[in-house]
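One structure is given here, and the rest of the page talks about it.
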Amino acid sequence: NAGVTQTPKFQVLKTGQSMTLQCAQDMNHEYMSWYRQDPGMGLRLIHYSVGAGITDQGEVPNGYNVSRSTTEDFPLRLLSAAPSQTSVYFCASSLTGVNIQYFGAGTRLSVL
Amino acid sequence: AQTVTQSQPEMSVQEAETVTLSCTYDTSESDYYLFWYKQPPSRQMILVIRQEAYKQQNATENRFSVNFQKAAKSFSLKISDSQLGDAAMYFCAYMTGSNYKLTFGKGTLLTVNP
């Protein structure tokens, strides 16, 4: 049972480049979410999804897009990377929104 | 907007002793959930303990227990018989039962001294 899998683990981008952070879970969880972690800021919610085809914004959604075409996958897209998006990104999933959230191992992203 | 405050950026404890990490939150909701997560140097986020607001009894998981004071909006974590493996960043988090948005505090870095 792999749990929540994030790829890649590390990524370096140049300003203006685009990329997709992948997140997949094999627990048949309905709820999935993306957070970013910055020093001294804790984790902040970017976007979340309560099921396939349904997404909503979190606390810091600007500069990021998401979609949820399947229950298993919840990719996070950066259309034009900016240095302010340098951060560690975590994906999480839970059976329902109020259940325990299980986190992936994180992706460390640097935008130069 | 809900906020979660952890007033202790860093704490230290001697191995085998007890330490308490503080957390306060601000909300007008009656239906909500509180969590403590642990993040060791590996960066993995691990759930330590969970408390439903409607439950008066404090949650306990082995050496970890909480002191949930609903009226004071306080949710502290007590770690008994501290072990070297408890060294980590600890995050307090809050979620309402209506919008599923998890709000984190800024964290407390716990050092365990041998």
Side-chain angles (χ1 to χ4, degrees), chain A residues 2-11 23 25 27 29-51 54-61 66 68 74 87-109, chain B residues 1-10 21-27 29-55 59 61 64 75 88-109:
Chain A
V4 180
T5 303
Q6 289 185 238
T7 55
K9 290 191 182 338
F10 302 94
Q11 183 70 47
C23 177
Q25 52 89 10
M27 299 175 281
H29 284 173
E30 289 296 320
Y31 182 89
M32 296 186 74
S33 54
W34 277 102
Y35 298 86
R36 60 178 288 172
Q37 183 177 23
D38 302 297
M41 296 293 294
L43 278 76
R44 292 181 292 169
L45 182 64
I46 304 172
H47 285 285
Y48 67 101
S49 169
V50 298
I54 306 170
T55 63
D56 204 349
Q57 296 181 350
E59 180 184 355
V60 288
V66 293
R68 184 98 179 269
F74 190 45
S87 188
V88 179
Y89 291 85
F90 287 95
C91 178
S93 76
S94 61
L95 188 60
T96 66
V98 295
N99 281 97
I100 296 167
Q101 292 197 22
Y102 296 89
F103 284 79
T107 296
R108 182 175 294 277
L109 175 68
Chain B
Q2 290 82 16
T3 58
V4 178
T5 302
Q6 294 180 247
S7 60
Q8 306 151 316
E10 298 184 22
L21 308 184
S22 300
C23 173
T24 58
Y25 58 96
D26 182 27
T27 184
E29 303 281 340
S30 59
D31 177 24
Y32 57 89
Y33 302 79
L34 296 162
F35 306 83
W36 278 98
Y37 277 90
K38 168 186 177 181
Q39 186 179 41
S42 67
R43 204 171 66 192
Q44 182 70 49
M45 293 289 288
I46 303 165
L47 180 70
V48 175
I49 203 162
R50 176 177 183 256
Q51 175 81 43
E52 293 89 343
Y54 63 85
K55 290 187 177 179
E61 287 289 341
F64 298 87
F75 183 61
M89 182 73 83
Y90 286 81
F91 292 98
C92 179
Y94 162 98
M95 175 191 286
T96 71
S98 59
N99 66 18
Y100 310 134
K101 294 181 180 180
L102 194 57
T103 300
F104 284 85
K106 294 184 178 181
T108 296
L109 180 62

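Convention: sequence-line order gives letters A, B, ...; per-chain numbering from 1.
When atom types are taken as modelled, the side chain of Gln44(B) and the backbone of Gly106(A) share no donor-acceptor pair closer than 3.5 angstrom.
Neither the backbone nor the side chain of Gln6(A) comes within less than 4.5 Å of any heavy atom of chain B. Within the 4.5 angstrom heavy-atom criterion, no atom of Glu59(A) approaches chain B. Only the side chain of Tyr35(A) comes within less than 4.5 Å of a heavy atom in chain B; its backbone stays farther off. For Leu102(B), the parts sitting under 4.5 Å from any heavy atom of chain A are the backbone and the side chain alike. Interface remark: Thr96(B) contributes backbone atoms only to the contact with chain A (heavy atom separation under 4.5 Å).
Ranked by non-hydrogen atom pairs under 4.5 Å with chain B, the options Ile100(A), Asp56(A), Leu43(A) are led by Leu43(A).
With values rounded to the nearest 0.5 angstrom, Thr107(A) atom OG1 is found 7.0 Å from Arg43(B) atom CZ. The CZ atom of Arg44(A) lies 14.5 Å from the NZ atom of Lys101(B); values are rounded to the nearest 0.5 Å. Note that CE of Met45(B) and SG of Cys91(A) are 13.0 Å apart. Values are rounded to the nearest 0.5 Å.
Here the closest non-hydrogen pair linking Tyr37(B) and Gln101(A) is OH-O, 3.1 Å. The two residues Gln39(B) and Phe90(A) have their closest heavy-atom pair at NE2-CZ, 3.4 Å.
Counted within 6.0 Å of CZ on Phe64(B), heavy atoms from surrounding residues, nucleotides or ligands total more than 12; the atom is thus considered enclosed.
With Phe104(B) as the aromatic partner, Arg36(A) does not meet the cation-pi criteria of under 6.0 angstrom to the ring centre and within 45 degrees of the ring axis.
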